[in-house]
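As the structure is a prediction and not an experimental result, all values here were calculated from the model. The analysis underlying the following values was restricted to heavy atoms, covering all of them including side chains, and did not include hydrogens, waters or symmetry mates.
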Protein chains: 2
Amino acid sequence: MNLKELSEKLGISQTTVSRALGGYPEVSETTRQSIEAAAQRYGYFPNRRAAGLATGRSNMIGHILPKSTQHEMVNPIFGDFVAGAVETYSSRGFEMFLSQVSDQDEGATYRRLLQTAVVDGVIVQGPRANDPRIQTLTEMGLPFAVHGRSSGVNVPYNWVDVNNKSSFLRATEFLLDLGHRRIALINGFEDMDFAMRRRNGYIAGLQNRGIEIDPSIMKSQEMTEIYGYHQTRDMLTSDNPPTAILVSSLISAIGVRRAIEEAGLTMGKDVSVITHDDELSYLRNGETVPIFTATRSSVRDAGKHVANILIDQIENPNSLPQTQLLEAQLVVGRSTGPAPGSK
Amino acid sequence: MNLKELSEKLGISQTTVSRALGGYPEVSETTRQSIEAAAQRYGYFPNRRAAGLATGRSNMIGHILPKSTQHEMVNPIFGDFVAGAVETYSSRGFEMFLSQVSDQDEGATYRRLLQTAVVDGVIVQGPRANDPRIQTLTEMGLPFAVHGRSSGVNVPYNWVDVNNKSSFLRATEFLLDLGHRRIALINGFEDMDFAMRRRNGYIAGLQNRGIEIDPSIMKSQEMTEIYGYHQTRDMLTSDNPPTAILVSSLISAIGVRRAIEEAGLTMGKDVSVITHDDELSYLRNGETVPIFTATRSSVRDAGKHVANILIDQIENPNSLPQTQLLEAQLVVGRSTGPAPGSK
DNA sequence: AATGATGCCCAAAGCGCTTTAAATCTTACT
DNA sequence: AGTAAGATTTAAAGCGCTTTGGGCATCATT
């Protein structure tokens with residue numbers, strides 16, 4: 001059933017049927033009702049491709065999955081972030097488009113997405129410092145919003161980010177206050193902007209108290225469970241093991257705990273751990289009392305916010321870019337305690 | 001730049017340009033080359049909406065995210081499954097469409113997707129026994145492929161599934177051979193087809209050896225870490241604790257391990273554990289030697305296969321449904337050992 | 001009674017592409 | 001030279017929708 005057939009069946013012009021269904025005012029209430037009833041009865045919905053062709057809008061938001069071997073974007077937070085974004089999309093009449101692309105072609109892909117008119121805007125994930133995508137997209141005029149920020153980019157753009165620096169600064173101070181002096185950092189890849197900021201927070205925390213930075217206990221890699229395990233095991237068997245560890249991801253923190261327990265030590269007593277907690281739906285950090293003391297910020301909420309900001313931009317193309325800095329909570333769990341040997 | 005402009009610039013008809021770019025044979029090699037060069041130079045790509053309108057194809061595959069409170073489809077395997085599917089899509093010229101929908105509207109959504117001509121086919125995830133979606137989609141004539149199967153449905157349809165029953169049968173037998181007689185099952189929701197099959201495998205394994213089934217050590221719920229932890233903790237403190245546990249998900253197995261260690265016991269010695277391992281990219285089950293003995297089958301590969309089967313169906317609408325039963329490996333790790341007290 | 005508003009409705013153009021049917025140009029063969 | 005067959009190319013018709021620019025009643029205003 002298409003518009004033409006429906007309008008013939010009703011003996012009403014396509015124009016009027018289209019308007020009635022589109023909610024436009026220049027249709028009398030009686031005809032509108034009969035049209036809506038008929039549409040309902042025949043299960044009619046406008047063909048989105050045709051509508052898009054006519055209006056120039058697709059009501060789709062693109063997400064690009066870089067297909068690189070190095071950084072695995074299909075990480076645990078991907079699912080929750082997408083779930084948040086999709087929730088917003090569906091409530092605002094949009095849908096999500098996902099495409100995979102080799103790393104170096106990302107610019108070309110955006111250009112193609114714009115040229116082929118398949119999305120109204122895109123979400124940029126995993127920004128690095130001076131991320132070239134922001135420049136490219138700005139020049140192209142394809143609406144976009146970034147999950148995270150990109151240090152060094154000074155054109156205005158839409159973004160939503162957690163205050164990574166202040167989170168890790170506070171976490172570091174919390175450990176210092178507990179008497180810890182040797183604090184390790186198990187971070188993500190430091191060309192990722194969020195990881196850089198976390199490191200900066202950590203360093204600032206130590207320096208404020210005049211503690212020397214030791215690169216040998218600052219790790220940086222993709223945040224898997226195994227990675228957390230390895231780094232912790234290695235550090236715990238070194239000459240000068242840390243008494244506390246700051247971890248960038250709950251997944252890695254699980255590996256950290258495994259290494260601590262395997263070494264016959266107790267987390268929260270012999271070694272304190274603070275992790276960043278994205279509040280993943282299937283991997284909660286404990287219940288009422290968190291397993292890990294954590295800097296907590298829901299990645300799902302971030303997804304909702306980014307999506308909203310992008311849709312605002314699409315619906316109102318001349319509006320100024322919006323930004324949103326989410327403050328993480330520092331929640332205390334059972335993985336932290338006074339430094340061993342401190343009075 | 002659109003087709004009209006490009007063809008005017010070249011002084012060649014739109015027809016020929018379209019054919020040259022589409023790779024049709026009735027274009028001379030010389031004109032084809034000049035057309036391709038020009039398209040390249042101007043960054044021309046055909047507008048997909050317009051092309052879709054003309055051909056009736058969208059080259060998009062739909063995934064539906066049910067938005068229910070009970071079952072969380074954005075589970076850890078979602079990301080990897082999607083990554084696998086998207087890999088196939090991108091190699092075969094398709095893209096992914098994701099939409100969220102409240103549980104009860106799923107039928108209506110499929111109908112809408114078909115009517116609005118937005119996808120060429122859909123992937124069905126998380127099938128239950130007698131899943132009504134299969135019937136609906138078959139009747140509608142919207143191509144689809146299922147990740148998993150649906151017991152009780154006897155129309156033919158496209159599916160890819162792991163042999164859940166035989167995996168859990170083998171795992172059970174493996175534990176029995178090690179002398180375990182009290183084996184618990186921590187399963188997913190048993191209205192999910194895969195969970196039902198796993199339970200059947202487990203039960204068959206026990207019954208083959210004449211061991212009585214004890215419902216009090218057969219658990220069924222959403223497979224989170226916390227769930228694995230709770231169930232294990234409760235069972236270990238009961239009168240008649242199990243000496244071995246079969247777990248349906250690595251995430252829950254992590255919780256199982258936590259409970260075992262918290263009880264002061266050793267996994268692989270006091271309590272044996274076998275988990276199903278979906279080979280999640282960010283949550284590997286150890287390295288050369290697995291942490292957990294596991295029934296292993298890559299969910300990412302499953303995503304690739306399902307996508308391929310669906311695209312085959314779309315490109316060849318009259319072909320018969322394809323099915324694929326993947327056999328899981330039983331890989332031995334450090335979480336299993338002889339039953340305590342067995343000679 | 002003539003005029004201007006207002007409310008409803010419609011015909012037709014146009015979005016950018018693919019593809020059918022037909023035209024033109026070559027080449028091959030009598 | 002004349003013609004059929006084959007190779008290229010083109011004009012034009014859709015695909016199904018939205019939206020512009022009128023048109024025709026109806027109603028209130030001078």
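In this structure, the CD atom of A:Glu26 is 10 Å from the C1' atom of C:dG7, given to the nearest Å. Rounded to a whole Å, the CG atom of A:Leu53 is 7 Å from the P atom of C:dG16. The CD1-P distance, from B:Ile12 to D:dA11, rounds to 12 Å in whole Å. Following rounding to the nearest Å, B:Met1 (CE) and C:dC17 (C1') show an atom-to-atom distance of 16 Å. Summarising the geometry, the separation between NZ on B:Lys4 and C1' on C:dC15 is reported as 11 Å, rounded to the nearest angstrom. Regarding A:Glu5, its CD atom lies at a distance of 14 Å from the C1' atom of D:dC17, rounded to whole Å. Atom CG in B:Asn2 sits roughly 14 Å away from atom C1' in C:dT18 (whole-Å rounding). Regarding A:Gln14, its CD atom lies at a distance of 19 Å from the P atom of D:dG21, rounded to whole Å.
For the residue pair A:Ser13/A:Thr16, the side-chain donor-acceptor check at 3.5 Å is satisfied. For the residue pair B:Thr116 / A:Asn47, no side-chain donor-acceptor distance below 3.5 Å is found, with atom types taken as modelled. A donor-acceptor pair shorter than 3.5 Å can be found between the side chains of A:Glu139 and A:Gln135.
When distances are taken from the side chain of A:Arg19 to each of C:dC9, C:dC17, D:dT18, the shortest belongs to C:dC9. Side-chain proximity of B:Tyr44 to the nucleotides C:dC9, D:dT8, C:dC17 is greatest for C:dC17. Comparing C:dC10, C:dC9, D:dG16 by their nearest atom to the side chain of A:Val27 picks out C:dC9. Nearest to the side chain of B:Ala54, among D:dT18, D:dG16, C:dT18, sits C:dT18.
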Practice task
Tell me, with the steps shown, if A:Met96 and B:Phe97 meet side chain to side chain contact (heavy atoms under 4.5 Å, CB included).
Solution key: CA-CA 6 Å; A:Met96 172 175 163; B:Phe97 169 97; over 6 Å; no

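In terms of phosphate contacts, A:Tyr24 brings a side-chain nitrogen or oxygen within less than 4.0 Å of OP1 or OP2 of D:dT19. Considering only side-chain N and O atoms, A:Thr16 lies nowhere under 4.0 angstrom from the phosphate OP1 or OP2 of C:dC8. Note on A:Thr15: every side-chain N or O is 4.0 Å or more away from OP1 and OP2 of C:dC10. Residue A:Asn47 has no polar side-chain atom (N or O) positioned under 4.0 Å from OP1 or OP2 of D:dG16.
Below the 3.5 angstrom threshold, one finds no donor paired with an acceptor across the side chain of B:Ser28 and the base of D:dA7.
Residue-level contact check: B:Thr55 touches the backbone only, with heavy atoms under 4.0 Å from sugar-phosphate atoms and none from bases.
Ion pairing between A:Asp312 and A:Arg92 holds under the 4.0 Å rule for side-chain N and carboxylate O.
Each of B:Ala50 and B:Ser13 lies near DNA chain D, and the nucleotide nearest B:Ser13 is the one positioned closer to the 5' end.
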